[in-house]
Amino acid sequence: MAVIIPSPARNQSLVLPVQDRSQAGEARRGAAAWGRDRGWSQDIAGRVALIVTELGNNLAIHAAGGLILLRCLHGESSGVEILSLDSSPGAANFHECLRDGFSTAGTCGNGLGAVRRASDQFTFHSQPGVGTALHCEVWDTPPGTRPGGRWQFGAVNAAMPGQDICGDSWAVLRGNTGSIRVMIADGSGHGEFAAEASRKAVEIFHENPTMELPLLLEEMHHALRATRGAAVAVAEIDRARGLLSYAGIGNISGVILSHDTSANLVSMNGTIGLNARGYRVFTNPWPADAVLFMASDGLKSQLQWNRYSGLIERPPGLIAGVLYRDHLRGRDDATALAVSHRS
C-alpha cells in the first residue's frame, strides 16, 4: 500500500460561511490567508481567489447564503478542492446558468462561466427541491487520466462550530494491486485532545498498511490507551475480487451505494483505546458502479440516498459535500468521506 494523504492536520477543510456580499469578500481573504500558510503557488492563489469571490457572490445573490469549503489535494502535484454548497430551490436546467450573459438577478451573468474556466475540473449537482453544489479542482499541474481507470476520493473534515481544530481524522492508502484502504477516526470530545487521539489512529493506519483489519484495530487500541480514545472504522476494497471488507468500533457509519442498491456497514460497540473488544470484519459485495460513503457521528447516519438524482455519477468530493450539507448535525466535529473507482 502507498500513502496518498500523509498529514491528518492538512486534511481539515476550511469552512467559509457566506450569507451576504460582505462575507463573500471575507471568504476570499480567508482563503488567501489559508493558502499562504500552505505555500500555494502564485497561479493557484490567483485562480482560487477568483473562484471563491465568484462563488461567494453567487451564494449571496442567488442562493440566500451557503458554504464554501476548501481542501488541499495531494498527488504528483499539489492542488485545491473547492466546494460551494447551498440549499436553494435548485434548478433542472443548471447548464443554462453556466452560459456567459445568463442571469436571474440582473447581473452580467459571467461569474459561473469564469469559475469553470479557472478550474481544472468543474462539476455540479443541482436538483429542484434539494439544492445546488459546485465542485472545482485547481492544480499546479493537472493530473492525467490513468489507463484502466483510477481510484478517486473526496472528503469534508470540519470542526464543530466555535472550534478551530477538528477532532476527526481520515486517511487513504492505495494498494499496488488495485485495492484501496480508507479510514475515519473520531476522537472522543472536541479540540486538540480529540485530534490527538484520532491522529494517533491515523499514524498506526499508515505504519501497518497490510495488517489484517481486526489486528489493525487492536494495534490502534493499544496505541490510543494514553489518549481520550476514538471511534474508528477501516474499509478495504478489493476491486479485482469485487469485495469490500469493513471493521469498526464506535459510531462511524458506512454504506455502499450503487445505482440499484445500498448496503449499510456494521461497526461494533466500544471506543478504541478505552473499551474496545470483539474486533470483527464484515465482507460485502462491491458492485462495479459503487461508491463507499463513510461518516463520523457529526452527520446523521440515515441517508436518504434515493432523493439524489444522478449524484452517484459525480466526483466523490461532490458526493461528500452534498451529503455533508444535508446531514450535518451542527453540534459536533464532522467528517464525510466518499470513494469510487472511475474508468
Side-chain angles (χ1 to χ4, degrees), residues 1-5 146 148-156 168-186 201-202 204-206 208-220 231-269 272 278-297 299 301-303 305-306 308 311-320 323 327 335-343:
M1 292 272 183
V3 177
I4 294 178
I5 298 295
R146 295 175 183 165
R150 61 191 176 100
W151 288 107
Q152 296 183 352
F153 57 92
V156 176
D168 298 351
S169 297
W170 63 275
V172 175
L173 295 168
R174 186 175 58 217
N176 295 325
T177 59
S179 63
I180 195 169
R181 184 177 280 197
V182 300
M183 69 159 287
I184 290 179
D186 178 357
V202 169
I204 301 303
F205 178 78
H206 285 165
N208 300 277
T210 60
M211 183 177 284
E212 293 183 7
L213 298 189
L215 296 178
L216 179 61
L217 291 180
E218 187 172 12
E219 188 75 11
M220 290 179 183
V232 179
V234 183
E236 183 168 3
I237 306 169
D238 186 334
R239 188 168 174 269
R241 299 171 60 203
L243 294 175
L244 179 144
S245 301
Y246 188 87
I249 298 290
N251 292 330
I252 304 293
S253 62
V255 58
I256 302 171
L257 305 166
S258 69
H259 286 95
D260 300 323
T261 61
S262 64
N264 291 316
L265 304 173
V266 178
S267 288
M268 308 300 290
N269 293 329
I272 293 290
Y279 310 107
R280 292 185 58 187
V281 175
F282 297 89
T283 302
N284 293 77
W286 176 258
D289 65 343
V291 173
L292 168 64
F293 181 74
M294 296 171 62
S296 68
D297 67 353
L299 272 68
S301 59
Q302 298 300 315
L303 301 180
W305 181 245
N306 58 0
Y308 299 107
L311 183 59
I312 197 170
E313 306 291 348
R314 302 304 197 264
L318 184 57
I319 295 172
L323 296 179
H327 296 84
T335 298
L337 173 65
V339 180
S340 66
H341 191 278
R342 306 291 169 147
S343 299

Counterpart residues, side chain to side chain donor-acceptor pair (under 3.5 Å), relative to Thr335 (two or more places apart):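 Checked Thr335 against side chain to side chain donor-acceptor pair (under 3.5 Å); matches are Asn157, Asp168.
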Separation of [Y] [atom2] from [X] [atom1] (nearest 0.5 Å):
{"X": "Ile204", "Y": "His206", "atom1": "CD1", "atom2": "NE2", "value": "11.0 Å"}
{"X": "Leu216", "Y": "Thr210", "atom1": "CG", "atom2": "OG1", "value": "10.0 Å"}
{"X": "Ile319", "Y": "Tyr308", "atom1": "CD1", "atom2": "OH", "value": "11.5 Å"}
{"X": "Asn264", "Y": "Leu303", "atom1": "CG", "atom2": "CG", "value": "8.0 Å"}
{"X": "Phe205", "Y": "Leu173", "atom1": "CZ", "atom2": "CG", "value": "4.0 Å"}
{"X": "Arg174", "Y": "Phe153", "atom1": "CZ", "atom2": "CZ", "value": "8.0 Å"}

Partner set under side chain to side chain contact (heavy atoms under 4.5 Å, CB included) for Ala185, not counting sequence neighbours: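 In terms of side chain to side chain contact (heavy atoms under 4.5 Å, CB included), with neighbours along the sequence ignored, Ala185 is linked to Met183, Ser198, Ala201, Val232.
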Under the side chain to side chain contact (heavy atoms under 4.5 Å, CB included) test, which residues partner Pro214, sequence neighbours left out?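 Checked Pro214 against side chain to side chain contact (heavy atoms under 4.5 Å, CB included); matches are Glu212, Tyr279, Val281.
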Can you find a heavy atom in the side chain of [X] that is under 4.5 Å from one in the side chain of [Y]?
{"X": "Ser179", "Y": "Glu236", "value": "yes"}
{"X": "Phe293", "Y": "Leu299", "value": "yes"}
{"X": "Val182", "Y": "Ile237", "value": "no"}
{"X": "Val339", "Y": "Met294", "value": "no"}

Looking only at heavy atoms, which two atoms of [X] and [Y] are closest? And how far apart?
{"X": "Pro315", "Y": "Gln152", "answer": "CA-OE1, 4.4 Å"}
{"X": "Val172", "Y": "Trp170", "answer": "CG2-CZ3, 3.6 Å"}
{"X": "Ile312", "Y": "Trp305", "answer": "CB-CZ2, 3.7 Å"}
{"X": "Gly154", "Y": "Ala320", "answer": "O-CB, 3.8 Å"}

Parallel, tilted or perpendicular, as decided by the 30° and 60° cut-offs, for the rings of Trp151 and His341: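 Perpendicular, since the angle between the ring planes exceeds 60°.
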Sequence neighbours excluded and cut-off under 3.5 Å, please list the side-chain donor-acceptor pairs for residues 240-259, or say none.
| unit_1 | atom_1 | unit_2 | atom_2 | d |
| --- | --- | --- | --- | --- |
| Ser253 | OG | Ala295 | O | 3.4 |
| Ser258 | OG | Thr261 | N | 3.2 |
| Ser258 | OG | Thr261 | O | 3.1 |
| Ser258 | OG | Thr261 | OG1 | 3.1 |
| His259 | ND1 | Asp289 | OD2 | 2.5 |
| His259 | NE2 | Glu313 | OE2 | 2.5 |

side-chain hydrogen bond (donor to acceptor under 3.5 Å, both in side chains) evaluation trace for Arg342 with Ser340: CA-CA 6 Å; Arg342 306 291 169 147; Ser340 66; 2.8 Å; yes
